[in-house]
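Residue numbering restarts at 1 for every chain, and letters A, B, ... go by the order of the sequence lines.
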Amino acid sequence: MLSEQAKSLKHGIFSFLIPLSLILSACDGAGGESSDRGTPVKLISAEEAQRFLTKSTFGATPSEIERLRTLGYEAWIDEQFSIPQTEVLTITDTAVQKREVARRQRLMSEGESNPDVLARGIGKGQEAASRMDAWWHAAINGKDQLRQRMAFALSQIFVVSDSNGDSSLRNRAYSRYHDILAENALGNYRQLIEDVTINPAMATFLSLRGSIRFGFSEVTGLPDENYAREALQLFSIGLVELNLDGTAKLANGREIETYDQELIGNFARVYTGWQVPTGRLYDGYETDELQPWGGEPNSFHDYDSKLLFDNKLLAADLTTRMDLSEAMDSIFHHPNVAPFISRQLIQRFVTSNPDPAYVERVATVFNDNGEGVRGDLFAVIKAILLDSDSLNSHSDKNGGKLKEPLLRISQIWRAFNAESVINYIRFSIPDRFTGQRPIGAPSVFNFYEPTYAPSGAIEDAGLVAPEFSLMSDGLNIAYLNKLAQIARSTEFGDQNTVYTTNSTLAMKLDLSKAKQLSNNHDELMDYYNELLFGGLMSQELRSIVITYLENIPGQTDASSQSEMIAEEALVLLTASPEFSIQR
Amino acid sequence: MKTHNQSRRDFLSQCALLSASGLASPFSAYGSAGLTSAMSAASPPSEYRAMVCVYLIGGNDLNMLVPTNTDNYNLYSALRGPLAIPEEDGIHPSCPGMKTLYDEANLAFVTNTGALIEPTTAHSYNTKSVQLPPKIFSHNSQKDFVQAGLPFQGEKLNGWAGRIADMFKASGSNAPLNLSFNGDNVWQRGAQTTAYGLQGSSVSTLFDYRTNGLPLDTVRKSALRSINQLQSDHLLTAEYGRIMQGSLDLSDKLREGLKVQEIDIQTVFPSTRTGQLFRNTAGAINARNGMQMPQQNFYIFLGGWDQHDGLLSRHRSTLSELDAGLLAFYRALQEMGLENQVTTFTNHDFGRTLKSNGDGSDHAWGGHQLVMGGAIDGGNVFGQHPIFSSDDSQFEERRGALVPSTSTDQFSATIAQWFGDFSESQLLEIFPNLANFNDKTMNLFL
């Protein structure tokens, strides 16, 4: 489902975006030692690579750091574009089968012989856990890191949730929704919004599915406005008119609202008459798309003319699908889309408070990728990551962002090559410890809003920090405890329970390198500093941790001594503000 | 000013008779109170009191109350079409707990409240001759508006319970006031204070995991404190440490106190999420002395009310869960002997359209609230009752939306005044929009 426009993009057209210093050092965007001009002027340091990968993946690994240093930034991004997509639905199905097998084996070992009982499915809770297994597997082990990371970001803009939605929708539908976001993640926004609009999971979550025209029967009122409203407010243009740099336009000192109730009513009429083609949506996802209800003519669809943005009149008697397509175009060409989407993507990847000029540079690429194509998301993410404001973000005292808690945890698992006894990373109910669960936000307003500012110095400075919204006191402590458990997981837990519990015990970190360095605390800190902090660990943090390590009483057994040093250092470091904040 | 005082049998029956409520008042000048300055000081009341805000995210459909007057019921039924429910006692049939409490005079309803800056009618709304809350019909914007109670003219976002906490603090009180089961929220956020975010029935602590006799767990906590308190010239890093250490410190302070339960509560709470939230609220009230909280405010956040489709069954289910939780909570308060000192009320983004979109309702404006407590003049329906016809100056016909006849600020200020014994000038400081209304409060309390 990648758009043809996106597929046709080739490497190397983005050099105009790259800061001069990088062009000088990286030789035609290739960077690193692969340049055929011989010795590169400047290699990307391991620390720089770590920081870049912290923004663009689910966490830097030693091998990915080397890969990036070899390729250079732009070539690394281009390589990511061509890596085949990890299909979360396929993995979900495999995980479900494995749980079914495990369930049968457990029951048989307990003496169960009734074939009906043995053949029963695993139930919705275990299906949900299988979906989470699959999501984590893609995040931690997927090679298509940039695509998966972008899909995660998009899932927080085009929000579908397994909470508060239609409880009969099956987990496969959510995994498939993730895959559709991933398919479009480096494609085109125009295709993305159409795919999302008539996706069964979205159309169920925001009740577009089955919306009926006014007057269909005596009791039918105005059509459902849910999707019409949220798609404009949250997925495309927002509530107020924006400048290209993402700041609000003002008229007489006041913001200008982007639409009124009249327009919502018109869009709601466009979205009438869509339904799932087969009756068994909830057992799977028989289709990626809703269909005009009963074909054309469609007695549920409103065929009267509609007035969309810019007073564009949508003629009467267009088909259900043509209406939709025209409405998507109307949204797509609204001048707010580029700054609205660009700014939120910058917030997901780089900084909570982008300079308006940064937003404008990215939004300009959104509007035209240099080849006359609007909405090219690959060009957009490239512009975001290669912008000098991103590459130099660590020097901005008000810059950066609080890493999303799931990304802090994935970073640890990836850095230390987390292994699992079941091949999957297992963390089925992350929201209980972090406030975050993929495709599981409390509402269409995501886990946090882009404008959230915690009270205190951030709000006083007029800045925002959306992820701080998850820092509820009780949750903070649950998170620290889970983090300490993860950092100390150097051995597998009880393997017999991994299919019946949803715990993280089935995983272990490889801390062998840290253990080797455990006799030399300075070298140990250097190692963690490069791999987890991108070289930004402060002297003060280092010295507190070293003092702590020096006070750990000696163990009689050298192996448990080195393990304790490696783990205790990791527990404190990962709990630190400096690790939690991406600079 | 009490607009109505009816027996249950007459529930909503006077709707058609209603013409001029005392709440309708001529427009006054836009309020422009200077909110940048700190709140003035106010002493907390001398006795224990608590407010419990049950926030119904998405907006409660109007079916919670059904007109019992025949003419009104017919108008209601014709408008709602497939969404109409049978006329019974005026209270939705899946709310037997509310009905019991209403009959006991421990619960009242307030009809057609919503976000307003100044008195508004359908006509002044349609002719755009009135100042409206910004981004009306948008969930988060209206949630912020009703929780804040501010004119929204560029000031920092904080809420009226937070501003009350600020006023208590300014008078020298150091006790925490606001407890939330949904983390940071606008309602409890002050300029100087924030809510403590509870996770469940207890306050957890950092786990000890070195069980081999080492004092490491204690040393590690102290090292973590030093790390959180490190000076950093990087804004977000410094704030993360400050907030995290604040959580650790306040948790240590509240954890032991929460275990000090005054009585052994016998009431059995429903096992639903809502039931457990009410149970945990009762537990924290029961531990008020241990937690050293002479007053408390609770924020309970209930999801699932944005019922654009499947409304009849979904509303039954959400209402029923709320209803059972409320009843158990009230019984537990009675066990503690605190039913007169705790007032529970609902709030939401907005009411929803009367007209059906097929099988659901859409975002609208005026809606109904309930208020529960022994201090309430219960068994009554307050506010201006909707008539549901074009004769009604508060009825916007095209989508079947109610234009609120009582502002959320008037409803909130009434509860705030009960809670804090505030003077009118203090109320105006907390609720600047009230300057536009003749009646600052309602007569909800005995």
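Across all their heavy atoms, A478(A) and S204(B) have their closest contact at N-OG, 4.4 Å. In terms of heavy-atom proximity, L480(A) sits nearest to M244(B) at CD1-SD, 3.7 Å. What you find for P223(A) and D362(B) is that their closest heavy atoms are O-OD2, 3.6 Å. The heavy-atom pair separating P577(A) from Y240(B) by the smallest distance is CA-CD2, 3.5 Å. Smallest separation of non-hydrogen atoms from G474(A) and Y196(B): N-OH, 4.2 Å. Shown here for S472(A) and G183(B), the closest heavy-atom pair between the two residues is OG-CA, 3.5 Å.
At a 4.5 Å heavy-atom cutoff, the contact between R398(B) and chain A is made by backbone and side-chain atoms alike. Neither the backbone nor the side chain of S232(B) comes within contact range of chain A; no heavy atom of the residue lies under 4.5 Å from a heavy atom of that chain. Looking at A195(B), only its backbone comes within 4.5 Å of chain A, counting heavy atoms on both sides. Residue L463(A) touches chain B through its side chain alone, counting heavy-atom pairs closer than 4.5 Å. In this structure, the portion of L239(A) lying under 4.5 Å from any heavy atom of chain B is its side chain and not its backbone. With a 4.5 Å cut-off on non-hydrogen atoms, V203(B) does not touch chain A at all. With a 4.5 Å cut-off on non-hydrogen atoms, Y479(A) touches chain B through its side chain but not through its backbone. In this structure, the portions of I227(B) lying under 4.5 Å from any heavy atom of chain A include both its backbone and its side chain. The part of I544(A) that comes within reach of chain B is its side chain, from C-beta onward, which places non-hydrogen atoms under 4.5 angstrom from that chain. Residue R399(B) touches chain A through both its backbone and its side chain, counting heavy-atom pairs closer than 4.5 Å.
Rounded to the nearest 0.5 Å, atoms CD1 (I212(A)) and CG (N357(B)) are 8.5 Å apart. The OG atom of S211(A) lies 9.5 Å from the CG atom of D309(B); values are rounded to the nearest 0.5 Å. Taking OG1 from T451(A) and CG from L157(B), the interatomic distance works out to 8.5 Å, rounded to the nearest 0.5 Å. Atom CG of residue D260(A) and atom NZ of residue K128(B) lie 6.5 Å apart, to the nearest 0.5 angstrom. Between L216(B) atom CG and I552(A) atom CD1 the span is 5.0 Å, to the nearest 0.5 Å. Distance check: T237(B) OG1 to Q582(A) CD gives 11.0 Å after rounding to the nearest 0.5 Å.
The candidate from V444(A), D460(A), T258(A) with the greatest count of non-hydrogen atom pairs under 4.5 Å with chain B is D460(A). Per-residue heavy-atom pair counts under 4.5 Å with chain B were compared for S352(A), A575(A), A457(A), A465(A), and the maximum is reached by A457(A). Counting heavy-atom pairs under 4.5 Å between each of R80(B), H363(B), R242(B), Q192(B) and chain A puts H363(B) at the top. By number of non-hydrogen pairs under 4.5 angstrom with chain A, the leading residue of H234(B), Q199(B), K355(B) is H234(B). Between chain A and the options G358(B), G81(B), S222(B), S226(B), the largest number of non-hydrogen pairs under 4.5 Å is found for S226(B). Per-residue heavy-atom pair counts under 4.5 Å with chain B were compared for A268(A), G265(A), A453(A), and the maximum is reached by A453(A). Taking chain B as the reference chain and counting heavy-atom pairs below 4.5 Å, the highest number among L475(A), V571(A), L541(A), N398(A) is found for L475(A). Heavy-atom pairs under 4.5 Å with chain B peak, among E255(A), E459(A), E449(A), at E459(A). Between chain B and the residues G221(A), S455(A), S207(A), the largest count of heavy-atom pairs under 4.5 Å involves S455(A). Chosen from V219(B), L198(B), I136(B), the residue pairing most often with chain A at heavy-atom distances under 4.5 Å is V219(B).
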Verdict with supporting geometry, L206(A) and H308(B), side-chain contact (heavy atoms from CB on, under 4.5 Å): CA-CA 8 Å; L206(A) 292 182; H308(B) 288 273; over 6 Å; no

Given side-chain contact (heavy atoms from CB on, under 4.5 Å), test Q231(B) with E540(A) step by step and report yes or no. CA-CA 9 Å; Q231(B) 298 289 317; E540(A) 293 81 3; over 6 Å; no

So L236(B) and L402(A), side-chain contact (heavy atoms from CB on, under 4.5 Å) or not? Walk me through it. CA-CA 7 Å; L236(B) 298 191; L402(A) 174 56; 5.5 Å; no

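For the residue pair S247(B) and N476(A), a side-chain donor N or O sits within less than 3.5 Å of a side-chain acceptor on the partner. Checked by atom type, the side-chain pair Q233(A)/N140(B) shows a donor-acceptor distance below 3.5 Å.
Looking at Y452(A) and D184(B), their side chains come closer than 4.5 Å, going by heavy atoms from C-beta outward.
Put simply, the side chain of E257(A) gets close to the backbone of K135(B): a donor and an acceptor are under 3.5 Å apart. N481(A) places a side-chain N or O within donor-acceptor distance of the main-chain N or O of T205(B), the cut-off being under 3.5 Å.
Remark: R432(A) CZ is loosely packed, at most 12 non-hydrogen atoms of other residues, nucleotides or ligands lying under 6.0 Å away.
Every salt bridge (charged side-chain N to carboxylate O under 4.0 Å, His left out) that E467(A) has, sequence neighbours left out, goes to R348(A), K401(A).
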